Novice: 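Below is a structure I'd like to ask you about.
For the numbers below, each heavy atom of this structure counts, side chains included, while hydrogens, waters and symmetry mates do not. Note that the coordinates shown come from a computational prediction; the quantities given were computed from them, not determined experimentally. Note on naming: letters A, B, ... go to the chains in the order of the sequence lines (proteins, then strands), and numbering restarts at 1 for each one.
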Protein chains: 2
Amino acid sequence: MVTIYDIAKKANVSPMTVSRVVNNSGKISEKTREKVEKIIKELNYIPNNAARSLTLKQSKILSLLITDITNPFYTKVARGAEDKAKQMGYRLLLSNSDESLEKESEYVDMLISSGVDGVLMAPAGDESKKNLKTLIKNKIPFVLIDRQVNGIDCDLVIGDSYHGTRQLLEHLIKQGHSKIALINGPANISTAREREKAYFEILRLAGIEANKQLTSNISYRQNDSHKVVKNLISLPESKRPTAIFAANNFIAINTIKSLRQLNVRVPEDMAVVCFDDPDPIPDFNPFLTLAAQPAYNFGYMGIQLLIERVEGNGPAEKQRVILPPEIIIRNSSMRK
Amino acid sequence: MVTIYDIAKKANVSPMTVSRVVNNSGKISEKTREKVEKIIKELNYIPNNAARSLTLKQSKILSLLITDITNPFYTKVARGAEDKAKQMGYRLLLSNSDESLEKESEYVDMLISSGVDGVLMAPAGDESKKNLKTLIKNKIPFVLIDRQVNGIDCDLVIGDSYHGTRQLLEHLIKQGHSKIALINGPANISTAREREKAYFEILRLAGIEANKQLTSNISYRQNDSHKVVKNLISLPESKRPTAIFAANNFIAINTIKSLRQLNVRVPEDMAVVCFDDPDPIPDFNPFLTLAAQPAYNFGYMGIQLLIERVEGNGPAEKQRVILPPEIIIRNSSMRK
DNA sequence: TTATAAAATGTTACCAATAACACAAAAATA
DNA sequence: TATTTTTGTGTTATTGGTAACATTTTATAA
């Protein structure tokens with residue numbers, strides 16, 4: 001490995017001078033700069049980040065801690081995050097918590113040890129508070145995306161669950177539905193709570209009496225919708241829903257799969273709508289009506305806020321960025 | 001930040017003893033080990049990776065350098081890679097080259113500087129040789145996935161383009177197609193070359209005279225299929241293809257979009273098949289007939305080979321892992 | 001009981017880069 | 001020309017951890 005010492009020797013200057021050339025810091029005569037730069041090129045010198053991190057206490061590495069990169073929502077988040085990080089001269093570490101608190105906790109320790117400068121995180125749930133406290137204790141800045149955590153005041157980039165829910169439900173109501181089921185995510189995740197709250201509020205506003213029997217909480221990523229769907233289908237005609245509002249893309253897809261297995265046609269017998277597009281490549285075979293969140297921007301903005309914190313340019317008060325969803329109406333909710 | 005010196009002082013031992021406890025190396029009496037471990041917990045000590053990297057010359061960070069995480073193929077690769085890396089105690093850096101040689105080159109420099117222990121890479125093309133040489137010069141082990149590079153002898157995890165192509169084409173031929181167009185990726189990417197070679201070979205074996213007019217090379221990820229599709233469609237009836245073999249998922253989707261714009265129905269007027277599933281969530285609205293490659297395993301195996309190299313446990317000769325595709329026949333190629 | 005081996009712990013130097021300070025040479029000012 | 005300021009460059013110490021060697025303590029054998 002080529003070090004500044006090798007350069008220094010060959011250029012007949014001190015290592016410090018080389019360091020100054022590399023970092024463009026301090027005063028350097030044009031002559032020495034050129035001489036040193038020439039040798040740097042010649043020997044193919046690349047600075048050693050470990051040594052730099054050790055003295056500077058910054059690694060230029062950020063971490064993206066999400067639940068699962070294979071969820072297209074987070075795929076796009078990751079892409080946005082990586083683009084912004086690259087643009088700002090940072091590298092990005094990828095971690096998948098799978099919505100598991102322990103995995104998240106393991107990663108947090110690993111990340112601290114790795115010396116990341118900051119963490120962009122979609123927390124597994126409210127219990128992530130413990131892991132965030134660990135970050136705080138270690139003075140590692142973080143920004144939350146998609147989900148908030150009770151009792152943690154920090155920079156946020158989140159969607160607008162209320163308006164997304166509202167537009168989806170109003171669309172269903174306009175289509176003539178009044179018995180609308182909610183298959184929600186876990187109650188310990190803020191987005192699920194917000195969507196549920198919005199669900200009841202909007203039904204009330206529309207003069208529709210909500211029925212607790214029609215709502216349920218399941219995982220955002222494990223496939224356990226089947227039982228719930230079966231239950232809904234086996235309700236007596238008078239109570240059986242004609243539409244399902246799935247809290248995310250994954251639930252929606254599994255719901256549709258279950259419905260098909262049960263010979264319930266979508267949308268003819270059952271409309272389905274959800275949050276977040278399951279299709280990473282836009283506009284191919286579009287089927288699901290949904291509230292598309294600007295996932296790329298979640299990542300992009302998140303990294304932007306994070307770097308502001310890392311570099312200490314952020315405002316004193318925490319920033320809350322709320323990105324509105326876009327409602328896309330497609331076949332899964334259209335009465336033929 | 002808590003260091004081994006803090007622990008040492010509080011435990012009344014030398015820093016070296018603490019280091020030994022942390023790393024479970026050397027001989028330590030049970031008594032001291034317990035004493036030190038207690039204080040480590042108490043002070044919440046987490047080792048500083050920068051310092052460790054500096055002495056040990058290894059960072060426990062690997063890099064995944066792919067073309068685009070939003071391509072579902074690479075999304076799954078990334079997930080497999082991250083899972084294996086985590087399991088082996090490594091962290092994973094994510095980089096998207098967008099099939100651009102310069103971006104790839106920038107990343108390679110960044111990665112070397114970051115001190116990654118190894119790189120798992122889907123090279124942008126044959127010209128990536130230059131970037132790989134940089135890695136070699138810096139003694140950074142790497143493994144290539146999905147694509148080979150002429151003139152670089154290294155560990156590989158690749159698919160089987162020949163058999164995938166063969167099965168797809170035989171399926172089309174069995175469906176009665178004889179005028180089959182190939183919309184291929186760039187000729188400087190090994191997978192494209194292999195698929196083209198297989199295409200001609202298999203047509204020949206089937207006694208079908210191949211027509212150069214029916215083959216073309218476009219980007220694997222930019223949407224520039226439209227002109228090509230238009231040309232194919234405007235061929236005289238006698239020459240116009242009845243099926244299109246798209247070299248990857250992205251091309252296939254854009255091809256179908258173009259066909260729809262041109263009012264050509266798929267599969268009624270035109271069958272379409274391709275490599276790689278564009279759908280990250282399995283079995284939802286499946287439409288495309290394709291050769292599905294075990295993307296997750298590309299990443300998983302790739303990291304496994306890479307870590308073998310990094311840790312010096314690998315065999316002397318380079319390893320070539322070839323993962324066969326699975327043909328999935330769906331609607332896009334079925335004559336109704 | 002002493003010599004010797006083994007086990008446990010400590011000391012020193014080093015990894016690559018940089019901050020902080022020191023100092024010489026050149027330029028500006030008196 | 002002498003003095004001050006500025007500019008350019010060098011020296012030393014530090015960052016957190018560990019390898020290599022040194023030393024002390026304990027256990028074992030003679």
Novice: List in chain and number order the residues that pass ring-ring contact (aromatic ring centres under 6.0 Å, His included) with A:Phe142, two or more places apart in sequence or in another chain; answer none if no residue qualifies.
Specialist: none
Novice: How would you list all residue pairs meeting ring pair (Phe, Tyr, Trp, His ring centres under 6.0 Å) that involve residues 92-135 of chain A, not counting sequence neighbours?
Specialist: none
Novice: Taking salt bridge (charged side-chain N to carboxylate O under 4.0 Å, His left out) as the test, write out the residues that go with B:Glu37, two or more places apart.
Specialist: B:Arg33
Novice: Just jot down the side chain to side chain donor-acceptor pair (under 3.5 Å) partners of B:Ser59, sequence neighbours excluded, or say none.
Specialist: B:Asp117
Novice: Which residues in residues 105-113 of chain B have a heavy atom closer than 4.0 Å to any atom of DNA chain C?
Specialist: none
Novice: Please check: side-chain N/O of A:Arg147 versus main-chain N/O of A:Pro123, any donor-acceptor pairing under 3.5 Å?
Specialist: yes
Novice: Extract, from 5' to 3' on DNA chain C, the first and final nucleotides lying under 4.0 angstrom from some heavy atom of chain A.
Specialist: C:dA16 to C:dA20
Novice: Using side chain to side chain donor-acceptor pair (under 3.5 Å) as the criterion, list what pairs up with B:Gln319, not counting sequence neighbours.
Specialist: none
Novice: Report yes if some heavy atom in the side chain of B:Val108 is under 4.5 Å from a heavy atom in the side chain of B:Leu65; otherwise report no.
Specialist: yes
Novice: Identify, with sequence neighbours excluded, every residue that meets side chain to side chain donor-acceptor pair (under 3.5 Å) alongside A:Lys35.
Specialist: none
Novice: Please give the angle, rounded to 10 degrees, between the axes at the start and the end of the helix from C:dT1-D:dA30 to C:dA30-D:dT1, where five pairs define each axis.
Specialist: 40°
Novice: With sequence neighbours excluded, tell me which residues meet side chain to side chain donor-acceptor pair (under 3.5 Å) with A:Thr32.
Specialist: A:Ser29
Novice: Do any N or O atoms from the side chain of A:Ser19 and from the backbone of A:Pro15 form a donor-acceptor pair under 3.5 angstrom?
Specialist: no
Novice: Which atoms of nucleotides 8-17 of chain D (N or O only) lie under 3.5 Å from a protein N or O atom, and what are those distances?
Specialist:
residue: D:dT9; atom: OP1; partner: A:Ser29; partner atom: OG; Å: 3.3
residue: D:dT9; atom: OP1; partner: A:Thr32; partner atom: OG1; Å: 2.7
residue: D:dT9; atom: OP2; partner: A:Ser29; partner atom: N; Å: 3.0
residue: D:dT9; atom: OP2; partner: A:Ser29; partner atom: OG; Å: 3.4
residue: D:dT9; atom: OP2; partner: A:Thr32; partner atom: OG1; Å: 2.8
residue: D:dG10; atom: OP2; partner: A:Ser14; partner atom: N; Å: 2.7
residue: D:dG10; atom: OP2; partner: A:Ser14; partner atom: OG; Å: 3.0
residue: D:dG10; atom: OP2; partner: A:Thr17; partner atom: OG1; Å: 2.6
residue: D:dG10; atom: N7; partner: A:Arg20; partner atom: NH2; Å: 2.7
residue: D:dG10; atom: O6; partner: A:Arg20; partner atom: NH1; Å: 3.4
residue: D:dG10; atom: O6; partner: A:Arg20; partner atom: NH2; Å: 3.4
residue: D:dT15; atom: O3'; partner: A:Lys57; partner atom: NZ; Å: 3.2
residue: D:dG16; atom: N2; partner: B:Ala51; partner atom: O; Å: 3.3
residue: D:dG17; atom: OP1; partner: B:Tyr45; partner atom: OH; Å: 2.5
residue: D:dG17; atom: OP1; partner: B:Asn48; partner atom: N; Å: 3.0
residue: D:dG17; atom: OP2; partner: B:Ile4; partner atom: N; Å: 2.6
residue: D:dG17; atom: N7; partner: B:Tyr5; partner atom: OH; Å: 2.6

Novice: Does A:Asp98 have any salt bridge (charged side-chain N to carboxylate O under 4.0 Å, His left out) partners at least two apart in sequence or in another chain, and if so, which?
Specialist: A:Lys103, A:Arg221, B:Arg79
Novice: For the backbone of A:Asn71 and the side chain of A:Thr75, can you confirm whether one donor and one acceptor N or O come within less than 3.5 Å of each other?
Specialist: yes
